[in-house]
Structure formats: structure tokens, C-alpha cells
Asker: 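Please read through the structure below; I'll follow up with questions.
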Amino acid sequence: MKKVIKNGTIVTASDTYEADILIEGEKIVAIGSNLPEAGAELIDAKGTYVFPGGIDPHTHLEMPFGGTVSKDDFETGTIAAAFGGTTTVIDFCLTNKGEPLKNPIAVWHNKSKDKAVIDYSFHLMISEITDDVLEQLPAVIEEEGITSFKVFMAYKNVFQADDETLFRTLVTAKELGALVMVHAENGDVIDYLIKKALDEGNTDPIYHALTRPPEVEGEATGRAAQLTGLADSQLYVVHVSCSQAVEKIAEARSKGVDVWGETCPQYLALDQSYLEKPNFEGAKYVWSPPLREKAHQADLWNALKSGSLQTLGSDQCSFDFKGQKDLGKGDFTKIPNGGPMIEDRLTILFSEGVKKGRISLNQFVDISSTRIAKLFGLFPQKGTIAVGTDADIVLFDPNVERVISADTHHMAVDYNAFEGMSVTGETVSVLSRGEFVIREKQFVGKLGRGKYLKRAKYGEVISNKEEISI
Ligand SMILES: NC(=O)NCCC(=O)O
Ligand SMILES: [Zn+2]
Ligand SMILES: [Zn+2]
């Protein structure tokens, strides 16, 4: 079945122009003026921007954490993602020391295959580097197409890996063609600060932020960047929240070290004062790294504009306020970390970024889609609008004004971190590989239609393994 999109303004990471798009099956087959309508379904995009589908490089759907499991799974999470203009998610597959890597990967396939309504892929957590793990990694890359490895430098005694593991992961990733991702916070120092706070009787949510100061993020980011330079490898720092970490990434990049940085909507638009909300509501705003003093926001926006940070992930890891976040009443360390962000990622970037003149329209596309596709081996199948690419397309109304609320969102949780915030811009319709998932703000997709994506190695193009310039 053919479809033709007319009257919209196509926006890519490099261009903004008016043209029609002809879709045949799953692919874009032509872009131009006055494309023939005969035999094709006409989609009128008047008044909208036509973006490549957003790619969310950082989600935790149905993930065990802190004695509970994140509430949005591959069904509710990908539906909410689609409502927000995202057509691909890359989720973190957690591993356990000593367990064959194929086991957790199978668990993640089982969680996702009958549920996802949009395409998806996995990153693999590295909890240890043993000879046994080293033997398994080539198959993870070649057979599963998992070309990004995640190392946690925090969450002591849970996920945290030591520096030897990080360094050996960097060396191995270089050899195999993978990108290393880090959660960069100094877990040992945080552990000390947490014990001290609890000893002093400080148990409220705000102490989550006060025991994870920006210096511990800056230090870990700098350390990971230095080790990347030493290994001559490649690094992607997830959820950058503060000026100190931005500085370390910019410094490494200025020396030619291959380091990339992602921030998240919560760090751009919320601040540390939210953790002080009464009636334990501060728990809704507990992320690691924590929300920062407002002054950090300007540095994050400037970094996106100047290119010191390159991507926006949601770090979607949602928990209900009632029954999950409240596990931490009387002890902030028991509040599950994370929040619902998958749906509002693009809106926050557009409304707070483009509309307020902090980034350009083309940067918006680069930060939310194109750069992510390039870094994670999905380009050019995903991440742009061009002949031959998957028809993952978003029609976005840039002028509608609305208020974000849990009453109208599509995530499975009982609150929205941006509750009551006025924003400009909304996703109207979404196509995933040529089929509507969202049509005129209604969900019309199918559970299990989302396809698992095997990704190319770092720096290679998905289709033909040619090198790309990232
Ligand atoms: N970020 C967060 O608070 N929760 C999700 C897990 C992680 O990314 O560290
Ligand atoms: Zn993290
Ligand atoms: Zn995360």
C-alpha cells in the first residue's frame, strides 16, 4: 500500500524544506514536488513539521530496581513513546555476574516481543569482564547486533563495576567495534555520604540529592573520559545532569578523545527544589544523578547548542508514587530511582529548546534522532528522512499550546513530573515503517508489531557496513 504525505514541512538534521514524501510498504521511495497521488493514501500534513521518528537511546522498561519493577513495560512504554513522537527505543538489558549473557538477553526478548508497538533494540550491561565474558561478546555483537555496552560507576553493591572492569570494557569495545556507555557517578563516595546522612538522621528525599553532589558526577565523568583516551576507545556518558560533567566531556573532546554526552528532559526543565516538596512528594523527583540547582540548566542547554552534549535520552524508568516511590518513606535510599519521561522527551526539547531559541529546529532533529541513529548503528535505516530509509515519520504541530498532566498522558504511572507545565507543540500522527501507530492523536498501532533491531558496529552504516563520519 502506498501513502503520500503532502503539504508539510520536512525537517532533518541539516535541512528544512517543503516537499511530498511517497511511502511504499515500509520505506520512503520518493521525495519531491507534486508526487503522484494515484493509488496512494493521501496524508495531509498541512501546518505540521514532518520529522524523522524520534529515537530514545535510554529506557528501562519493566526493569527490576530497588526491590520493585519499573511500571511501564514494552506495551505501555512504547505506546507512550509513540504518542510523544518516538519510533525507536533502545533499552538496557541488565546482566548478573556469572550468568551466561544469552540468558538476560533472552529475558529481554521475552519482555518485548509481543508487546512493543514501535521498533526497539538493546544495550548490554557489563557487570564483569572475565575470560568467559570476553568469549561471549563477539556473538553478542554479531548475532544479536548489540553494539553498545553499559558500565555503572555507581549503585555500590548493586550494579557498580570497578575501574578495571570499565577499562577492560573500553579496550574490548575498541577491538570489537562497540560503544561504551557509562553511568558516571562516584559510587564509593556516594556510599560514604549516604551512610553519614543516615547516621545523622537525615532521611528525607532531598538527601538523595545532597549525598550525590555534582562533584561526584564530574569526577566520574572525567575519570571515564581519561580511561577512554588511554584505551583509545569510545565513550557515551548517559544522563549528564551538571556543569561539572559537561566540562569534563568538553575537555576530553577538545583533546580529540571520542567522548559523547546525553542529557535528559528532567535536567533541562526541573531542579533540585522539587525534591523538597511536602508530603513526601519530593520522592517523585528522585533520579540518579539527581536534579541540580537551576544554574546548571543553562550550561546543559548551551552544551546542546554548542555540541558538547549531543543527544537527549528519556532515562524512562517509571514508578508509581503510591506503592513504589513510597517504599522510601523514612529512608531516602529506598526510593526507587527514576521517573516517567518517555512521552514528553520531544515536547520538552521542542517547547523549552526550539521555541525558546535555545537550539535550532535542525538541532532538535539531530539531538532527538539523527545523532542517536549514527552513534548506535541505526543510520541511515533510522534517524532521517531520505529515499530508502524506513518510513518512521512524525507529524508535529509546532503551535498548539497545552498543559502536561497525568490525567492525559499515556504512561502507566500515577503522576507526571511535568504536571501543570504549559508547553507548545504536540505530536499529531506517527508512522512506524509506513504504518500508522498514532493517527490524529489516537493510538491505532498493534501490540508486537515493533521489530527487534540488530545494530551496526560503532562507526559503521547499518545496511552496508561502510564507515560513516560520526
Ligand atoms: N536514572 C535513574 O534514576 N534510574 C534509572 C537507572 C539509571 O539510569 O541509573
Ligand atoms: Zn544511570
Ligand atoms: Zn538509565
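Index from 1, following the sequence. Numbering of ligands and ligand atoms starts at 1, following listing order.
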Asker: Does His58 put an N, O or S atom under 2.8 Å from the Zn ion (ligand 3)?
Answerer: yes
Asker: Show your reasoning for whether ring pair (Phe, Tyr, Trp, His ring centres under 6.0 Å) applies to His409 and Phe83.
Answerer: CA-CA 9 Å; His409 77 196; Phe83 270 107; over 10 Å; no
Asker: Assign the ring pair Tyr267 / His239 to parallel, tilted or perpendicular, where the plane angle (0 to 90°) is split at 30° and 60°.
Answerer: perpendicular
Asker: Find all atoms of ligand 1 within a distance of less than 4.0 Å from any non-hydrogen atom belonging to Trp287, and give their numbers and elements.
Answerer: 3 (O)
Asker: Please name the pair of heavy atoms, one in Ala13 and one in Thr370, separated by the smallest distance, quoted to 0.1 Å.
Answerer: CB-OG1, 3.5 Å
Asker: Can you tell me if an N/O/S atom from His183 lies under 2.8 Å from the Zn ion (ligand 3)?
Answerer: no
Asker: For the ring pair Tyr155 and His183, is the centre-to-centre distance below 6.0 Å?
Answerer: yes
Asker: Closest non-hydrogen protein atom to atom 4 (N) of ligand 1, residue and atom name please, with distance?
Answerer: Asn337 O, 3.1 Å
Asker: Does the ring center of His109 lie less than 6.0 Å from the ring center of Tyr452?
Answerer: yes
Asker: Nearest to the Zn ion (ligand 2), which N, O or S atom of His239 do we find?
Answerer: NE2
Asker: Using the six-membered ring wherever Trp is involved, compare the ring planes of Phe51 and Phe396 and label them parallel, tilted or perpendicular (cut-offs 30° and 60°).
Answerer: tilted
Asker: If you stand at the Zn ion (ligand 3) and look out to OD1 of Asp315 and NE2 of His60, what angle do those two lines make, to 10°?
Answerer: 100°
Asker: Show which atoms of ligand 1 fall inside a sub-4.0 Å distance from at least one heavy-atom site of His58.
Answerer: 8 (O)
Asker: Measure the shortest side-chain to side-chain distance between Lys71 and Glu62 over non-hydrogen atoms and say whether it is less than 4.5 angstrom.
Answerer: no
Asker: Give the atom numbers and elements of ligand 1 that come within less than 4.0 Å of a heavy atom of His183.
Answerer: 9 (O)
Asker: Could you check whether any heavy atom of Tyr155 sits closer than 4.0 Å to an atom of ligand 1, since that is the contact criterion I want to use?
Answerer: yes
Asker: Taking only heavy atoms of Ser288 into account, list the atoms of ligand 1 that are under 4.0 Å away from them.
Answerer: 1 (N), 2 (C), 3 (O), 9 (O)
Asker: For Asp315, take its heavy atoms, then give the atoms of ligand 1 lying under 4.0 Å from any of them.
Answerer: 1 (N), 2 (C), 5 (C), 8 (O)
Asker: Using the rule ring pair (Phe, Tyr, Trp, His ring centres under 6.0 Å), only one of Phe74, Phe92, Trp108 pairs with Tyr120; which is it?
Answerer: Phe74
